[in-house]
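Working notes, structure below.
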2 protein chains.
Amino acid sequence: MTTMSNRYQPPLSPNRPTMRHVATLAGVGIKTVSRVMNEEAGVSEATRTKVLEASRQLNYQLDVTAGSLRRAGRRTLSVGLLLPSVSNPFSGEINRALEDALSARGIAVFAASLDDDPQREQSIIAAFLGRRVDGLVLTPIAKNQSYTIPEHSRDLPMVFIDREPVGVDADAVVTDNAIGAAKAAAHLLAHGHTKIAYLGDRTDIQTARERKRGFLEEIGRAGIPSSSVPIRENLHDEETARQAAIELLTSENPPTAIFSSQNLVTFGTMRALKELGKNREVALVGFDDFTLADMMDPGVTVIAQHPDRIGVRTAERLLARIDGDQEPPRTYVVPSELIQRGSGEIRPPA
Amino acid sequence: MTTMSNRYQPPLSPNRPTMRHVATLAGVGIKTVSRVMNEEAGVSEATRTKVLEASRQLNYQLDVTAGSLRRAGRRTLSVGLLLPSVSNPFSGEINRALEDALSARGIAVFAASLDDDPQREQSIIAAFLGRRVDGLVLTPIAKNQSYTIPEHSRDLPMVFIDREPVGVDADAVVTDNAIGAAKAAAHLLAHGHTKIAYLGDRTDIQTARERKRGFLEEIGRAGIPSSSVPIRENLHDEETARQAAIELLTSENPPTAIFSSQNLVTFGTMRALKELGKNREVALVGFDDFTLADMMDPGVTVIAQHPDRIGVRTAERLLARIDGDQEPPRTYVVPSELIQRGSGEIRPPA
DNA sequence: GATTTCTTTGACAACGATGTCTAATCGTTA
DNA sequence: TAACGATTAGACATCGTTGTCAAAGAAATC
């Protein structure tokens with residue numbers, strides 16, 4: 001220890017205190033303060049207390065971002081989360097599960113909404129990268145051409161949700177969409193239905209395609225030609241779904257059961273059934289659970305996803321990657337679950 | 001311009017490029033690159049193009065956090081948002097509206113969930129401050145003793161939602177809770193009810209208290225002694241609400257109408273009514289709108305809040321403060337709205 | 001043609017922290 | 001008692017950027 005005085009004295013203004021303020025007050029060097037703040041070893045108990053006391057007195061708060069500049073691995077202790085929309089309940093659940101897992105490690109989450117806008121997607125990812133996030137979780141709905149992650153960020157820890165990564169080496173966490181849809185089909189078949197309609201989301205959405213595939217395959221296994229299955233697709237909101245359902249139900253040879261591939265489509269279908277007074281006659285199984293599904297008339301049978309489990313698994317993978325896991329990327333499947341509530345157990349008219 | 005060479009040449013590694021990389025490639029000084037990136041004036045068109053080209057070639061991405069260290073006002077272009085829970089639909093709407101308004105200005109949002117845990121609140125706020133956010137939006141539910149914002153952060157732009165700030169000078173954006181609840185009471189009174197029960201949330205929640213007050217005042221104005229009003233409080237989830245409602249409805253002198261002060265309480269009440277087969281006899285008005293309210297039997301009449309408008313107004317205030325608005329803090333009221341759907345229009349038995 | 005002014009540009013020192021390296025101190029042991 | 005390793009501490013450079021300032025060159029004025 002050559003001298004006790006630093007090169008210059010900070011103004012010690014009433015502004016937000018820095019490490020130097022704490023150091024001068026405690027009468028130690030700035031690096032020592034750093035050590036105490038980061039709970040590094042090699043500080044005597046006496047100095048530690050001195051520093052802590054000074055820090056408490058000044059109400060000092062370590063500047064995480066400034067530290068990230070020099071910190072090993074340049075960790076910023078923040079991750080970016082790209083969701084269809086933060087206001088969508090499914091996304092909210094995932095967001096929450098992720099937050100819980102990451103906050104335990106002191107990692108904060110930037111969340112942003114995509115809204116199926118590829119332009120927006122570009123700029124959000126850029127914004128995340130510009131903030132030097134330690135990892136990325138991507139939950140896009142639509143198939144957007146290229147996930148243009150710049151070359152130099154290719155090894156950024158990344159986890160995709162509900163979508164297989166293309167062109168990037170990354171883990172993915174998905175629901176067993178095809179299997180879930182097959183379960184729905186099997187359930188309706190088991191209740192005696194043979195005329196089961198499929199109401200589906202936009203075909204450029206990978207999960208929607210998977211669900212359709214699983215559904216049709218199961219129907220096929222029952223010996224029903226898929227050409228005889230009424231299919232209405234590219235329904236992306238309640239209203240278009242409602243119209244499609246009405247059209248189908250008032251047609252010459254209406255289905256006795258309906259499988260709807262997504263929340264909003266289910267809602268539209270429920271509306272149509274109620275309007276036509278057929279809600280107790282035509283069976284319905286929807287993909288995705290929703291609040292109050294059991295309070296409907298009848299309760300709505302669904303294939304429930306588990307956003308919380310998806311979130312937990314995602315967090316686990318992301319943290320593993322951040323911690324240096326070099327295993328080849330994998331896709332993790334979170335099983336869906338059939339929940340019987342009445343609408344799916346309606347039998348066809350004899 | 002003394003020399004053209006910088007003190008040292010960067011390794012020009014395949015890693016993430018910095019400004020210096022761009023500068024060397026473009027053959028200009030690093031400050032010039034900074035100017036171009038920040039669209040500062042005083043750069044000739046020729047140099048601008050050169051720099052932009054080099055930046056494009058290297059896929060350079062400005063490091064926002066590093067810049068914040070030196071930038072005037074130390075802007076980090078990020079804000080912290082504290083919500084009851086990111087998975088709660090009401091919070092989600094607010095989050096979304098805020099994001100839309102702030103992302104237009106290049107500001108990213110850290111969202112975190114509080115879960116009524118004062119401990120957690122402390123650490124989240126500390127985490128936000130440690131990341132040097134440019135502003136704070138706080139949406140706590142429960143009354144938590146002290147909003148301990150350290151002295152030196154007192155002038156940090158801050159907006160409270162649904163809660164008057166105490167001990168801090170800050171704007172607030174709130175729903176007209178008392179007025180909304182009064183509207184509910186008036187509506188039920190107008191339909192001939194005199195025995196109207198109040199089912200309420202935890203009494204330590206300010207908005208819950210306001211709603212109760214507004215409700216009782218309106219009842220009082222109708223000449224009904226508030227002592228004769230059945231009141232059940234501190235219901236914080238569906239199950240306790242359901243039990244309270246059942247108790248009330250099976251009592252000797254059951255109410256002919258119910259006002260429930262919050263979403264989950266409304267759900268519990270709906271369940272109770274359905275179980276007792278009274279859903280078409282007993283009137284119900286709930287505070288807070290919810291998905292599929294119109295699909296219930298009967299449709300549920302509600303006092304709807306407007307989380308989107310709350311979010312927009314909040315963003316507006318926060319940005320104004322960030323931009324230096326020094327007006328004395330105000331509380332902004334976003335009006336609620338009565339939506340008739342059937343359950344609130346049931347008349348008492350003759 | 002000589003000033004003066006304006007425009008364009010880069011060197012340099014920060015910002016607040018941490019990694020590296022070296023120095024002082026303290027026990028321990030030969 | 002001297003030598004040594006272990007422990008504790010601080011000086012310093014540095015992370016990637018921006019604010020300040022000064023200098024070079026071009027344009028405008030006399």
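By convention in this document, chain letters (A, B, ...) are assigned in the order of the sequence lines, proteins followed by strands, and residues within each chain are numbered from 1.
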Does a nitrogen or oxygen in the side chain of [X] sit under 4.0 Å from OP1 or OP2 of [N]?
X	N	answer
A:Thr32	D:dG10	yes
B:Ser34	D:dT18	yes
B:Ser44	C:dT9	yes
A:Tyr60	C:dA17	yes

Run the side-chain hydrogen bond (donor to acceptor under 3.5 Å, both in side chains) test against [X] and tell me which residues pass, sequence neighbours left out.
X	value
A:Thr331	A:Glu164
B:Thr65	B:Asp63
A:Arg330	none

May I have the distance from [X] (atom [atom1]) to [N] (atom [atom2]), rounded to whole angstrom?
X	N	atom1	atom2	result
A:Met37	C:dA17	CE	P	9 Å
B:Arg48	C:dT7	CZ	C1'	16 Å
B:Arg75	D:dG19	CZ	C1'	15 Å
A:Ile30	D:dC12	CD1	P	13 Å
B:Glu40	D:dC21	CD	P	15 Å
A:Leu129	D:dG16	CG	P	16 Å
B:Asp63	C:dG16	CG	P	16 Å
B:His21	D:dC15	NE2	P	10 Å

Stretch residues 67-74 of chain B: residues that reach within less than 4.0 Å of DNA chain D through a heavy atom:
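Close to the strand are B:Gly67, B:Leu69, B:Arg70, B:Arg71, B:Ala72.
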salt_bridge(B:Arg105, B:Asp323) N-O dist < 4.0 Å:
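Between B:Asp323 and B:Arg105 there is a salt bridge, with a charged N closer than 4.0 Å to a carboxylate O.
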With A:Ser78 via side-chain contact (heavy atoms from CB on, under 4.5 Å) - residues at least two apart:
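Only A:Thr76, A:Phe110, A:Val133, B:Phe110 meet the side-chain contact (heavy atoms from CB on, under 4.5 Å) criterion with A:Ser78.
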Closest to side chain of B:Lys31, choosing from C:dT9, C:dA11, D:dT17:
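Nucleotide nearest to B:Lys31's side chain: C:dA11.
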Using the side-chain heavy atoms of A:Ala66, tell me which of these nucleotides is nearest: C:dA17, D:dT17, C:dG19.
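Selected nucleotide: C:dA17.
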In a check of side chain to side chain contact (heavy atoms under 4.5 Å, CB included) between B:Pro329 and each of B:Val168, B:Val159, B:Asp169, which one passes?
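Single pass found, and it is B:Asp169.
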As a test of understanding, state which of B:Leu102, B:Asp171, B:Leu319, B:Val173 forms a side chain to side chain contact (heavy atoms under 4.5 Å, CB included) with B:Thr314.
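Only match with B:Thr314 under side chain to side chain contact (heavy atoms under 4.5 Å, CB included): B:Val173.
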Derivation and outcome, side chain to side chain donor-acceptor pair (under 3.5 Å), residues A:Ser87 and B:Glu93
CA-CA 5 Å; A:Ser87 68; B:Glu93 291 284 340; 4.6 Å; no
Roughly how bent is the helix from C:dG1-D:dC30 to C:dA30-D:dT1 end to end, in steps of 10 degrees, with each end axis from five pairs?
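That helix has its two terminal axes inclined by roughly 50°.
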Got a sec: does the CZ of A:Arg120 have more than 12 other heavy atoms crowding it under 6.0 Å?
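Buried by this count: over 12 neighbours within 6.0 Å.
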Could you check whether B:Thr65 gets within reach of a base, just the sugar-phosphate, or nothing at all, counting any heavy atom under 4.0 Å?
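No contact.
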What about B:Arg16, does its side chain sit under 3.5 Å from the base of D:dG16 through a donor-acceptor pair?
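No.
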